[in-house]
There are 2 protein chains.
Amino acid sequence: MSLPLPGVPVRGSKTGKPIMALLDLLGRNWTLGIFWNLSQNPCTFRELQNRCENISPTLLNNRLKELQATMFVQKQAGGYALTELGEELFNHIKPLGGFSALWQQQLADKQQNRSEQADHED
Amino acid sequence: MSLPLPGVPVRGSKTGKPIMALLDLLGRNWTLGIFWNLSQNPCTFRELQNRCENISPTLLNNRLKELQATMFVQKQAGGYALTELGEELFNHIKPLGGFSALWQQQLADKQQNRSEQADHED
DNA sequence: GTCTTTGCTACATTTTATGTAGTAAGCTAC
DNA sequence: GTAGCTTACTACATAAAATGTAGCAAAGAC
């Protein structure tokens, strides 16, 4: 897969707008999951593989290469870690943790309403 | 592709943690782009197709179905639009626009340093 | 030396995405 | 009412990407 870089046309966007490159990158399978799991603390390839349950080494390696080339991840003593830029990006992603709980609640409510409605139809 | 729902195991996560479902959903090809383009204003299928340059109708339709099932998108008079929940999620994504510009700058700086270093090596 | 762990690569299979074509439904204007 | 347009898709063959298993080379422990 070609590397999405700001200023360069990417998959699905010929404009090269930085946001499109970023969304392309983040929208790749497991990229967000890698951010999430690396944010907890730096770790080795194998450990990261474990945290991203069952990710194939092939894909993990591809993603890590992409994330290193785009300055979000670096290799250091303890293994792989987010760069300063990566941490900054993660700060934007972090609130999604709380949001996802709210989302779960709303979906549950919707289901609830549906089954109530079904009851009335009886 | 199976629908990622919070509370239910998803691709790459057997725990069913809501955040994993959300990251699975957002990590699918074009999902983030659809959010971005729909946030500007509601629009028809065709218009959305145009905004997401060259997205295939098959995929667009799949993504729209997923996003409707997960309460982020709804069909209304003017076409497709973000739901209230979708808007809320988009508020978390929006700052990435500014961030991506910063990212572009930092990548440019890195390139700059590299070529300077190459000059010294001559 | 051998044993284990780590960081990968190879590769066949399966899953997704792309791209083109086409269909059915709803206007608009004679 | 029918001819011509637009819209919202679906079908399907091809291409690209992900999965999963196996294995290998290098580094460190003992």
Side-chain angles (χ1 to χ4, degrees), chain A residues 1-5 9-14 20-21 23-38 41-70 73-82, chain B residues 1-5 8-15 20-21 23-38 41-70 73-82:
Chain A
M1 224 169 176
S2 71
L3 193 66
L5 291 171
V10 292
R11 279 192 317 172
S13 177
K14 297 176 187 63
M20 285 303 158
L23 294 183
D24 179 7
L25 185 68
L26 295 182
R28 290 175 180 196
N29 211 331
W30 268 113
T31 304
L32 285 167
I34 290 172
F35 266 92
W36 197 262
N37 286 305
L38 269 190
N41 47 49
C43 65
T44 65
F45 189 93
R46 293 254 161 142
E47 169 60 18
L48 189 54
Q49 223 182 330
N50 288 341
R51 289 193 197 168
C52 302
E53 311 170 43
N54 296 334
I55 187 176
S56 74
T58 314
L59 187 59
L60 179 56
N61 195 235
N62 284 345
R63 289 295 167 269
L64 285 173
K65 275 181 193 160
E66 289 165 7
L67 291 173
Q68 284 175 94
T70 49
V73 166
Q74 61 191 338
K75 222 176 187 172
Q76 57 181 44
Y80 289 97
L82 293 183
Chain B
M1 226 169 178
S2 71
L3 193 66
L5 291 171
V8 171
V10 293
R11 281 192 315 172
S13 176
K14 297 176 188 63
T15 61
M20 286 302 158
L23 293 184
D24 180 6
L25 185 69
L26 295 182
R28 290 175 181 197
N29 211 330
W30 268 113
T31 305
L32 286 167
I34 290 172
F35 265 93
W36 197 262
N37 286 306
L38 269 190
N41 47 49
C43 66
T44 65
F45 188 93
R46 292 256 158 138
E47 168 61 18
L48 190 53
Q49 221 183 332
N50 288 340
R51 289 191 198 168
C52 302
E53 309 171 45
N54 295 333
I55 186 175
S56 72
T58 314
L59 186 58
L60 178 55
N61 196 235
N62 284 345
R63 289 294 167 269
L64 285 174
K65 275 181 194 159
E66 289 165 7
L67 290 174
Q68 285 174 93
T70 49
V73 165
Q74 61 192 340
K75 223 176 188 171
Q76 57 182 43
Y80 290 97
L82 293 183

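If you're wondering where the values come from, they're calculated on a predicted model, not measured in any experiment. Here is the naming used below: chain letters follow the sequence lines, and residue numbers restart at 1 for every chain.
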Kindly compute the distance separating OG (Ser56(B)) from CD (Gln49(B)), expressed to the nearest 0.5 Å. 8.0 Å
Atom-to-atom span, CG of Leu59(B) to C1' of dA11(D) - whole angstrom: 15 Å
Within this structure, what is the CG-to-C1' distance between Leu48(B) and dC9(D), rounded to whole angstrom? 13 Å
Between Arg63(A) (side chain) and Asn29(A) (backbone), is there a donor-acceptor pair under 3.5 Å? yes
Can you name the residues that form a side-chain hydrogen bond (donor to acceptor under 3.5 Å, both in side chains) with Lys65(B), not counting sequence neighbours? Asn61(B)
Thr31(B) side chain to Leu25(B) backbone, donor-acceptor under 3.5 Å: yes
Would you say the side-chain atoms of Asn37(A) pair up with the backbone N or O of Gly33(A), donor to acceptor, closer than 3.5 Å? yes
Only counting residues at least two apart or in another chain, list the ones meeting side-chain hydrogen bond (donor to acceptor under 3.5 Å, both in side chains) with Gln74(A). none
Ile34(A) CD1 to dA18(D) P, in whole Å, measures 11 Å
Please answer whether the main-chain N or O of Leu64(A) pairs with a side-chain N or O of Gln68(A) as donor and acceptor at a distance below 3.5 Å. yes
Does Arg28(B) put a side-chain nitrogen or oxygen below 4.0 Å from OP1 or OP2 of dA17(C)? no
Measure CG/Asp24(B) against C1'/dT15(C) and give the value in whole Å, please. 13 Å
Can you sort out the partners of Asn41(B) under side-chain hydrogen bond (donor to acceptor under 3.5 Å, both in side chains), two or more places apart, ordered by chain and number? Arg51(B)
Take atom CZ of Arg63(B) and atom P of dT10(D), then tell me their distance rounded to the nearest Å. 14 Å
Nearest-Å distance for atom pair CH2/P, residues Trp30(B) and dA16(D): 18 Å
Rounded to the nearest angstrom, tell me the gap between atom CD1 in Ile55(B) and atom P in dT16(C). 16 Å
Give the rounded distance in Å between these two atoms: CG of Asn62(B) and P of dT15(C). 16 Å
List, with names and distances, any nitrogen or oxygen atoms from the protein found under 3.5 Å away from nitrogen or oxygen atoms belonging to nucleotides 6-13 of chain C.
from	atom 1	to	atom 2	distance (Å)
dG7(C)	OP2	Phe45(A)	N	2.8
dG7(C)	OP2	Arg46(A)	N	3.4
dG7(C)	N7	Arg46(A)	NE	3.2
dG7(C)	N7	Arg46(A)	NH2	2.7
dG7(C)	O6	Arg46(A)	NH2	2.6
dC8(C)	OP2	Lys75(A)	NZ	3.2
dC8(C)	OP2	Tyr80(A)	OH	2.2
dC8(C)	O5'	Asn61(A)	ND2	3.3
dT9(C)	OP2	Asn61(A)	OD1	2.4
dA10(C)	N6	Thr58(A)	OG1	3.1

List the protein contact pattern of nucleotides 25-30 of chain D with one symbol per nucleotide (5' to 3'): B for base contact, S for sugar-phosphate-only contact, - for none; contact means a heavy-atom distance under 4.0 Å. ------
If you round to the nearest 0.5 Å, how far is CG of Asn50(A) from CZ of Phe45(A)? 11.0 Å
